[in-house]
Amino acid sequence: MSSMGTPANIFWQECSVGKSDRQKLLKQKGCVVWITGLSGSGKSTLACTLGRELHGRGNLAYILDGDNLRHGLNKDLGFKAEDRAENIRRVGEVAKLFADAGLICIASLISPYRRDRDACRALLPDSSFIEVFMNMPLELCESRDPKGLYKLAREGKIKGFTGIDDPYEPPLNCEIELSPDNGVCPSPCTMAGQVATYLEEKGFLHDE
Ligand SMILES: Nc1ncnc2c1ncn2[C@@H]1O[C@H](COP(=O)(O)OS(=O)(=O)O)[C@@H](OP(=O)(O)O)[C@H]1O
Ligand SMILES: Nc1ncnc2c1ncn2[C@@H]1O[C@H](COP(=O)(O)OP(=O)(O)O)[C@@H](O)[C@H]1O
């Protein structure tokens, strides 16, 4: 069996209830909000705050958080480039299913490689993959260090830590870039509001 392309002797099964029917039911359009950035840049905080904001507006959203998925679906994966690529590929496929279900899927992962993120983008229909770049300086992320992982990485106790001795490739053409304003990081509510406004303006929060 090949790991690429369409497997032999496998046929696509169509069903009578489709994505547009589900979107009408939910009164919204399925999409993927993909939050990328360094550890400690605020990805999970933004994902949760945005999830809460959308819930308050009556929209159905679901969060796929890298840390959480590594407890189950991706528990067999580590942090080598191939493992990160497989991690992102699986989450991209799951996110695609959630979007097809009609949900606003919020994926929050470091996803350090541009190629892996672009492969996820290519899975989604036009403009329904919204890449949000948490463009926070390494010094800020490291000063937060809520899990103590930067400290361990600096001490050489974790090898291949993103931003320390492993790469992070910033997006070249993301839909939304969030960064400090005059050296101050905007509040989670402000940033979630900015993403929600984008979704509203692009028509994802309604079905018409
Ligand atoms: N080596 C190394 N590099 C980066 N991060 C590490 C590493 N080891 C463990 N962790 C913890 O794993 C969380 C990142 O998981 P992700 O699935 O988002 O990573 S990736 O997208 O596959 O790169 C990440 O969570 P966040 O801090 O929320 O980003 C870390 O807590
Ligand atoms: N906008 C923000 N302003 C101030 N502190 C923040 C903000 N967003 C997140 N934080 C704090 O920074 C730390 C890392 O945030 P987190 O969401 O866990 O980042 P990530 O998921 O990217 O690792 C946490 O302690 C969190 O409370």
Side-chain angles (χ1 to χ4, degrees), residues 32-53 61-95 105-121 123 129 131-171 174 176-197:
V32 174
V33 177
W34 189 279
I35 307 173
T36 173
L38 293 172
S39 175
S41 60
K43 302 181 299 296
S44 301
T45 304
L46 174 62
C48 291
T49 312
L50 177 60
R52 167 60 52 194
E53 169 72 25
Y62 192 82
I63 297 171
L64 299 175
D65 189 278
D67 259 332
N68 294 353
L69 293 170
R70 281 175 176 276
H71 282 90
L73 177 68
N74 294 331
K75 71 198 298 185
D76 56 325
L77 301 175
F79 290 90
K80 292 180 300 192
E82 310 92 270
D83 282 11
R84 293 187 198 250
E86 176 60 10
N87 184 32
I88 301 315
R89 188 193 70 79
R90 287 182 198 172
V91 179
E93 292 284 357
V94 174
C105 180
I106 306 168
S108 158
L109 297 99
I110 297 179
S111 41
Y113 296 106
R114 212 173 278 139
R115 190 179 59 174
D116 298 339
R117 295 191 304 265
D118 287 347
C120 293
R121 178 185 289 275
L123 292 173
F129 183 89
E131 193 172 357
V132 179
F133 175 31
M134 302 300 289
N135 188 5
M136 303 298 160
L138 174 64
E139 302 72 51
L140 173 66
C141 301
E142 194 167 354
S143 70
R144 290 174 169 168
D145 205 11
K147 302 169 192 158
L149 297 179
Y150 280 103
K151 185 168 181 290
L152 291 175
R154 288 289 185 197
E155 291 168 357
K157 292 177 183 159
I158 300 180
K159 303 282 185 210
F161 196 77
T162 307
I164 304 297
D165 57 351
D166 225 47
Y168 179 81
E169 299 173 355
C174 60
I176 302 175
E177 180 171 335
L178 300 168
S179 52
D181 193 7
N182 283 320
V184 179
C185 182
S187 74
C189 282
T190 300
M191 292 192 285
Q194 195 176 328
V195 179
T197 299

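Residues: numbered from 1 along the sequence shown. Indexing begins at 1, ligand by ligand and atom by atom, following the structure's order.
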Closest to atom 28 (O) of ligand 1 (heavy atoms only, candidates R70, K147, K159) is K147

side-chain contact (heavy atoms from CB on, under 4.5 Å) filter on D166, not counting sequence neighbours, yields R84, Y113

Within a distance under 4.0 Å of any heavy atom of S39, pick out the atoms of ligand 1 and give their elements. 26 (P), 27 (O), 29 (O)

Using heavy atoms and a threshold below 4.0 Å, how should the contact between N87 and ligand 1 be classified: side chain, backbone, both, or neither? side chain

Report yes if the side chains of E131 and C120 come closer than 4.5 Å at any heavy-atom pair, otherwise no. no

Check this for me - ligand 1, G160, N or O atoms closer than 3.5 angstrom, yes or no? yes

Can you see whether F129 has R117 sitting over its ring - NZ or CZ less than 6.0 Å from the centre and within 45° of the normal? no

Considering only protein heavy atoms, which is closest to atom 29 (O) of ligand 1, and at what distance to one decimal place? K43 NZ, 2.8 Å

Checking the side chain of T36 only, and the main-chain atoms of I110 only, is there a donor and an acceptor separated by less than 3.5 Å? yes

Thinking salt bridges, do R89 and E86 make one under a 4.0 Å N-O criterion? yes

Which ligand 1 atoms are under 4.0 Å away from a heavy-atom of I88? 21 (O)

May I ask you to identify the nearest protein heavy atom to atom 23 (O) of ligand 1, giving residue, atom name and distance to one decimal place in Å? R84 NH1, 2.8 Å

Taking side chain as C-beta onward, heavy atoms only, is I63 less than 4.5 Å from C48? yes

Logged contact type for F161 with ligand 1, heavy-atom cut-off 4.0 Å, is both

How far is atom 14 (C) of ligand 1 from its nearest protein heavy atom, and which residue and atom is that? I110 CD1, 3.6 Å

Which ligand 1 atoms, with their elements, are less than 4.0 angstrom from a heavy-atom of L109? 17 (O), 18 (O), 21 (O)

In the protein, what heavy atom is nearest to atom 21 (O) of ligand 1, and what distance, to one decimal place, separates them? S111 N, 2.8 Å

Is there a donor-acceptor pair closer than 3.5 Å between any side-chain N or O of R90 and the backbone N or O of N74? no

among protein heavy atoms, the one nearest atom 8 (N) of ligand 1 is F79 CE1, 3.4 Å

Might you work through the salt bridge (charged side-chain N to carboxylate O under 4.0 Å, His left out) test for D145 and R154, ending with a clear yes or no? CA-CA 12 Å; D145 205 11; R154 288 289 185 197; over 6 Å; no

Would you mind listing which atoms of ligand 1 come within a distance below 4.0 Å of any non-hydrogen atom of T162? 3 (N), 4 (C)

Please check this pair: side chain of Y150 against backbone of S39, looking for a donor-acceptor N/O pair closer than 3.5 Å. yes

Residues S111, D116; criterion side-chain hydrogen bond (donor to acceptor under 3.5 Å, both in side chains); working and verdict: CA-CA 7 Å; S111 41; D116 298 339; over 6 Å; no

For a quick check: using heavy atoms under 4.0 Å, what are the residues in contact with ligand 2, sorted by chain and number? L38, S39, G40, S41, G42, K43, S44, T45, R144, P146, C185, P186, S187, P188, M191

Say you draw a straight line from CD1 of I164 to CG of L152; how long is it, rounded to the nearest 0.5 Å? 11.5 Å

Close side-chain approach of M134 and L38, heavy atoms under 4.5 Å: no

Counting from 1, what ligand 1 atoms have a heavy atom of L149 closer than 4.0 Å? 11 (C), 30 (C), 31 (O)

Distance from atom 13 (C) of ligand 1 to nearest protein heavy atom, with residue and atom: D67 OD1, 3.3 Å

Which of parallel (below 30°), tilted (30 to 60°) and perpendicular (above 60°) describes F133 and Y168? parallel

